[in-house]
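Encoded as structure tokens, the structure appears first; notes follow it.
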Amino acid sequence: MHPVADIIRRRLLQHTSLMLPEVGTLSVVRASSRMLGNNRITPPYYVLELNAAEAPSLVGAIASELAVAPPVAAAIYQQWLGQGDGRTLSIEGVCRIGPGPGELTVDTAFIEQLSPLPPEATVIAAPIKRRNPACGPAANSGRHSQPRNIPGQHATPAATGRRSRVIPPGVKPRSKGPHNQTLAVIAVVVALGAIAYLGYYLYRNSTLFDGLF
């Protein structure tokens with residue numbers, strides 16, 4: 001490979017545009033990905049274009065790469081440019097320019113090096129739609145259902161507006177049955193008996209009640 005063609009190839013692979021005097025500017029342009037039908041997407045890729053945009057001169061790149069003076073670099077460029085037939089310019093490992101004005105044919109291997117991703121469209125998996133249990137027919141209708149009191153049944157705390165009592169797990173709620181009422185009566189009788197005994201004891205063994213009876 002000619003040193004000039006090697007310089008062009010390496011600079012373009014670094015996405016650096018180069019202006020070839022008397023020819024034009026070689027630029028690497030990025031093409032964005034595109035969405036196609038059926039959840040398909042094309043990956044981004046790079047293309048090589050021949051245009052008239054301003055860019056660093058290839059002569060300066062030759063002088064820098066080969067460590068020669070600019071006049072020597074210009075002579076090397078002209079010698080390389082004269083290898084063509086005047087209608088086409090072949091850049092080994094990159095492309096062919098001509099024979100028509102602005103006509104550019106890029107080597108397939110160079111295109112693959114510019115864009116490592118495969119050019120084929122990629123199928124994107126559609127997201128799985130999970131059904132929300134809370135979204136039933138009532139939710140889909142757009143109306144909120146209100147609790148109703150059915151005759152013969154007790155209204156729920158949400159319907160009456162009262163706070164509901166939260167019972168911890170494993171704890172049985174207390175019921176107000178006959179058994180609880182019997183225990184309450186017994187407790188009252190025991191308390192009254194204790195008070196009566198205490199009064200009788202003070203009456204017999206102290207002078208606290210002298211003069212009252």
Side-chain angles (χ1 to χ4, degrees), residues 1-136 139-142:
M1 179 180 294
H2 195 280
V4 175
D6 183 60
I7 292 173
I8 296 174
R9 179 179 174 276
R10 287 189 287 106
R11 292 294 180 102
L12 292 177
L13 287 178
Q14 297 173 0
H15 301 173
T16 301
S17 300
L18 284 176
M19 189 273 294
L20 281 63
E22 305 177 21
V23 178
T25 300
L26 290 175
S27 302
V28 177
V29 181
R30 183 181 186 273
S32 302
S33 58
R34 295 180 302 164
M35 287 295 301
L36 305 178
N38 299 327
N39 295 329
R40 295 187 304 160
I41 183 174
T42 59
Y45 58 96
Y46 294 90
V47 295
L48 183 64
E49 292 184 354
L50 178 64
N51 49 50
E54 294 184 0
S57 175
L58 175 58
V59 176
I62 295 173
S64 176
E65 293 278 349
L66 301 181
V68 295
V72 177
I76 295 175
Y77 173 74
Q78 290 296 331
Q79 183 269 335
W80 170 78
L81 189 63
Q83 293 181 355
D85 56 5
R87 299 181 55 196
T88 60
L89 175 62
S90 297
I91 305 175
E92 185 179 358
V94 179
C95 63
R96 184 185 64 187
I97 301 174
E103 185 177 348
L104 179 68
T105 305
V106 185
D107 292 357
T108 303
F110 186 75
I111 295 177
E112 293 177 354
Q113 290 178 329
L114 277 180
S115 303
L117 295 177
E120 294 81 8
T122 303
V123 178
I124 302 176
I128 301 176
K129 297 182 179 179
R130 297 183 178 180
R131 184 178 179 183
N132 190 351
C135 298
N140 296 331
S141 62

For Ala69, enumerate each residue passing the side-chain contact (heavy atoms from CB on, under 4.5 Å) test, keeping only those at least two apart in sequence or located in another chain. Pro71, Val72
So, Thr88 side chain and Pro99 main chain: donor-acceptor pair closer than 3.5 Å or not? no
State the CD1-CG distance between Ile76 and Leu58, to the nearest 0.5 angstrom. 10.5 Å
Output for pair (Leu48 CG, Leu13 CG), nearest 0.5 Å, gives 10.0 Å
Nearest 0.5 Å, what's the CD1-CE distance between Ile7 and Met1? 11.5 Å
Sub-4.5 Å side-chain heavy-atom contact between Glu103 and Arg87: no
Report the distance from atom CG of Leu12 to atom CD of Gln113, rounding to the nearest 0.5 Å. 11.0 Å
Determine the minimum heavy-atom distance between Pro21 and Val59, stating which atoms define it. CG-CG2, 4.1 Å
The criterion is side-chain contact (heavy atoms from CB on, under 4.5 Å); which residues satisfy it with His2, sequence neighbours excluded? Val4, Ala5, Gln79, Trp80, Gln83
Of all heavy-atom pairs linking Cys95 and Leu104, the shortest is SG-CD1, 3.6 Å
Tell me every residue that passes side-chain contact (heavy atoms from CB on, under 4.5 Å) with Thr25, counting only those two or more places apart in sequence or in another chain. Ser17, Met19, Ser27, Asn51, Ala55
If you look at every heavy atom in Leu18 and Ala61, which pair is closest and at what distance? CD2-CB, 4.3 Å
Less than 4.5 Å apart, any side-chain heavy atom of Leu114 and any of Val106? no
What pairs with Val23 under side-chain contact (heavy atoms from CB on, under 4.5 Å), at least two apart in sequence or on another chain? Leu20, Tyr77, Leu81, Leu89, Ile97
Listed by chain and number, what are the salt bridge (Lys or Arg N to Asp or Glu O under 4.0 Å) partners of Glu65, not counting sequence neighbours? Arg10, Arg11
How far apart are the closest heavy atoms of Arg30 and Tyr46, and which atoms are they? CB-CE2, 3.4 Å
By the salt bridge (charged side-chain N to carboxylate O under 4.0 Å, His left out) test, which pairs, at least two apart or in different chains, include something from residues 45-63? none
